[in-house]
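Down below is the structure, laid out as structure tokens.
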4 protein chains.
Amino acid sequence: MKATNVADDVTHAAVRLFAEQGYANTSVQQIVEAAGVTKGAMYHYFESKDDLLFAIYERMLSLQKSHLDEIIARGGPVEDVLRTACVDVVETSIEFLAEGTVFFRSQHMLTEPRQQEVVRRRREYHDEFARLIQRGQAEGLYRADVPRAVLIANFFSDIHYLSHWYDPAGPEDKTLVAEQITDLFLTGIRRTDA
Amino acid sequence: MKATNVADDVTHAAVRLFAEQGYANTSVQQIVEAAGVTKGAMYHYFESKDDLLFAIYERMLSLQKSHLDEIIARGGPVEDVLRTACVDVVETSIEFLAEGTVFFRSQHMLTEPRQQEVVRRRREYHDEFARLIQRGQAEGLYRADVPRAVLIANFFSDIHYLSHWYDPAGPEDKTLVAEQITDLFLTGIRRTDA
Amino acid sequence: MKATNVADDVTHAAVRLFAEQGYANTSVQQIVEAAGVTKGAMYHYFESKDDLLFAIYERMLSLQKSHLDEIIARGGPVEDVLRTACVDVVETSIEFLAEGTVFFRSQHMLTEPRQQEVVRRRREYHDEFARLIQRGQAEGLYRADVPRAVLIANFFSDIHYLSHWYDPAGPEDKTLVAEQITDLFLTGIRRTDA
Amino acid sequence: MKATNVADDVTHAAVRLFAEQGYANTSVQQIVEAAGVTKGAMYHYFESKDDLLFAIYERMLSLQKSHLDEIIARGGPVEDVLRTACVDVVETSIEFLAEGTVFFRSQHMLTEPRQQEVVRRRREYHDEFARLIQRGQAEGLYRADVPRAVLIANFFSDIHYLSHWYDPAGPEDKTLVAEQITDLFLTGIRRTDA
DNA sequence: GATGAATGAGGGTTCATTCAT
DNA sequence: AATGAATGAACCCTCATTCAT
């Protein structure tokens, strides 16, 4: 029950340090010191510094994707499904705010193979999300006079931007904020002509 | 007519390389080789690699701020002013897409004093923009049931996100996209109750 | 038996090269090559080139201070104690002639914090020595018509100057020279009026 | 009458900066900025940074040598001549305290040819001084039981050491100090047996 | 599983000096 | 006489990774 503590401790220390100082400005030495382990131990669990960064993404990506799958699986009116999906991804992004900070800043620091893997995983999420929008457009709920890429970007941008303004220590409740952001998005894309 | 060629050549090479490979993964050696100058020459015009990064931001920040000042100075109904400001900042952000890519990824790599300066400059823009929203709210045009911080983030996030999806070589026209993004934003924040 | 060979080898090479060429004219590369180690290995044991210089001083300062403490602790007539202390510091300074050469030339090359530390350590030695002179004056042994600072400088100057003229390969025996220098000093400061 | 102002301004700035920061830590750029001239102008008057250092020594060496020549030329009892010479060299060394600081620290930074020249010039002074001691010994005034090299070092060391303790802003008068140092020296070397 | 000394390639930066103007 | 942009070689230092123990 303590076997994988090393991996966890290292991961947590890495997230914190990467978020505070950036990936490139954080040395492996700093990470293992903060985690209270030695370099050798760390390299026993992670192939490289790069691998550590990937592990951070992996955890968040898996979680959000499984949530989305589940929400869609539950079925229901597309508007409800979309709203639930949006609120969920904002909420989990707030829960993983440090991971998101690292993610959006340092994705490009990954080596090529892992970079590709991240892109692939994110595209899966993106495409599944896009199909919801598409269904809504087909039902005449959402604007079709704007490229779907713009509509989607309009929402995903908010996820990215959270770490630039949201303060977990501040007054705003994460669920409320998630609903507000979702509301602004859904209002913006609603079809109003007719 | 050749006086500052070194500085310009270096800046352009740096923007390109930073956008392609990231700031940390680009060596000063690579920059000067791409620019066709010597390291010594570069350090005659820039204090440090850090300074080079700052110069890239500086140019974009100055331009966008002076545009905003001018748009506000021209006056007019708040909705028109805000719309013009939004379209402008999206358009210039597309014109400086590489700079934006670098900016949003690598701002945290700046040394502390320059980081502060960037924050200060961005806050000036932010606050001026926020006053427009506030005026619109006072006139009853925009929702007041959502924190202003959320409304503003909803727009600025789109600026940030441009470099993640917009392809200058793609089919979308920059002005059209700017208008679409602005429209989604303004529709989203419009007051509809009553 | 080989544990700290790297640190020792580096230190010895550094003392030799600094004495021959000066601190500023000796590159870290030269030092590690002379010591037969790699740069990385050196930086595993020393924080910086500066640290290496400090380590050289440290060793000499510690030794001379502990000798002085011991000589004073043994007690006895002040004239005997002072004479023993003088002879000892000249002798050890001859034994560490290269270190002294480096010390007196390059102390000002240390970074501020280490410079302060050296000053502090030397002042400890100086003050302990000064108290011996003071005791001697109180007993009427030594001149009081000359500021104590001048009396003390008159001796310490000889320590400094050793590396400018003493040749370890020359005919002069170190103990004999130490006694001669001490004798000149003590004769010079003796009270003769009365 | 302003033609050589450049050379003078540069020299003074250099002495001050070398004394404050050390020769190696002072850049040519700092010197010309402090002197209010340009690099090109400086290199018009000095061959190199090295040359600048030599010029500082040259001025002091020439002055002290000419003083010694004159004092000896005036003739008189050897004790009086020696005393006058000692007082004079201490006094001028205090007047040129910054130059002395630089001299004793950085002589080894000179390139070989200039280093040789400095050594030659100093030996001239040394030898002339040594002959005075020798005459005194021949007359039975000074101890002959100690190598002459030790006797001479005993005095020159004080000159070297001045910059380590003498404070021009302090209470001690330079002439008085010169007499005190001379007195300690002459008392120390006086023949007392018989 | 775990250690941490050692590697070795590369990084950013400095600076005395030159030379076209 | 004077400028200052440009050179180019060297410098100190960092750090992800390896491997003998």
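Quick caveat: nothing in here was measured; it's all calculated off a predicted structure. Lettering of chains follows the sequences in order, A, B, ..., and the numbering in each one begins at 1.
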Quickly work out the [X] [atom1] to [N] [atom2] distance and round it to whole Å.
X      : N      : atom1 : atom2 : value
A/Y45  : E/dA2  : OH    : C1'   : 9 Å
B/F46  : E/dG12 : CZ    : C1'   : 15 Å
D/N5   : F/dA1  : CG    : P     : 14 Å
C/M109 : F/dC12 : CE    : P     : 10 Å
C/L52  : F/dC12 : CG    : C1'   : 12 Å
C/Q30  : F/dC13 : CD    : C1'   : 17 Å

Name the residue closer to the 5' end of DNA chain F, choosing between D/A41 and B/A41 according to the nucleotide with the nearest heavy atom.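 Whichever sits nearer the 5' end wins; that is D/A41.
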Any heavy-atom pair between the side chains of D/L52 and D/M42 that's under 4.5 Å?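 Side-chain contact under 4.5 Å: yes.
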Looking at side-chain heavy atoms only, is the closest gap between B/F46 and B/T11 below 4.5 Å?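 Yes, side chains in contact.
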Residues which pass ring-ring contact (aromatic ring centres under 6.0 Å, His included) with B/H164, listed by chain and number, not counting sequence neighbours: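 A/H160, B/Y161.
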With sequence neighbours left out, what residues match A/H44 under ring-ring contact (aromatic ring centres under 6.0 Å, His included)?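 Not a single residue meets the ring-ring contact (aromatic ring centres under 6.0 Å, His included) criterion with A/H44.
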Indicate whether OP1 or OP2 belonging to E/dG1 is found under 4.0 Å from a side-chain N or O atom of A/H44.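 Looking at the OP1 and OP2 atoms of E/dG1, one of them is under 4.0 Å from a side-chain N or O of A/H44.
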Residue-phosphate contact under 4.0 Å: B/T38 side-chain N/O, F/dT7 OP1/OP2: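 So the side-chain polar atoms of B/T38 do come within 4.0 Å of the phosphate oxygens OP1 or OP2 of F/dT7, strictly under.
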Least distance between heavy atoms, B/S106 atom then B/Y57 atom: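 Closest pair (atom of B/S106, atom of B/Y57, distance): C-OH, 3.1 Å.
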For A/D50 and A/L110, which heavy atoms make the closest approach, and how far apart are they?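 Result for this residue pair: OD1-CA, 3.3 Å.
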Nucleotide pairing, DNA chain E (Watson-Crick or G-U, distances under 3.5 Å), in dot-bracket with [ ] and |: .||||||||||||||||||||
Going by an N to O cut-off under 4.0 Å, is there a salt bridge joining D/R121 and D/E124?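 Salt bridge absent between D/R121 and D/E124.
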Do D/E47 and D/R114 meet the salt-bridge criterion of a basic N to acidic O distance under 4.0 Å?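 Looking at D/E47 together with D/R114, the answer is yes, because their closest N to O distance falls below 4.0 Å.
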Between B/T38 and B/A41 (side chain of the first, backbone of the second, donor and acceptor by atom type, cut-off under 3.5 Å), is there such a pair?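 Yes, B/T38 side chain to B/A41 backbone: donor-acceptor pair under 3.5 Å.
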For DNA chain E, what residues of residues 11-22 of chain C have any heavy atom nearer than 4.0 Å?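 Going residue by residue through residues 11-22 of chain C, none turns out to have a heavy atom under 4.0 Å of DNA chain E.
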Can the positive tip of D/K49 be found less than 6.0 Å from the middle of the six-membered ring of D/Y43, inside 45° of the ring normal?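 Judged by the rule, D/K49 and D/Y43 form no cation-pi pair.
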List the protein contact pattern of nucleotides 16-21 of chain F with one symbol per nucleotide (5' to 3'): B for base contact, S for sugar-phosphate-only contact, - for none; contact means a heavy-atom distance under 4.0 Å. SBB---
Under 3.5 Å donor-acceptor pairs involving side-chain atoms of residues 96-105 of chain C, not counting sequence neighbours:
residue	atom	partner	partner atom	Å
C/T101	OG1	C/L97	O	2.9
C/R105	NE	D/H108	ND1	3.4
C/R105	NH1	C/A19	O	3.1

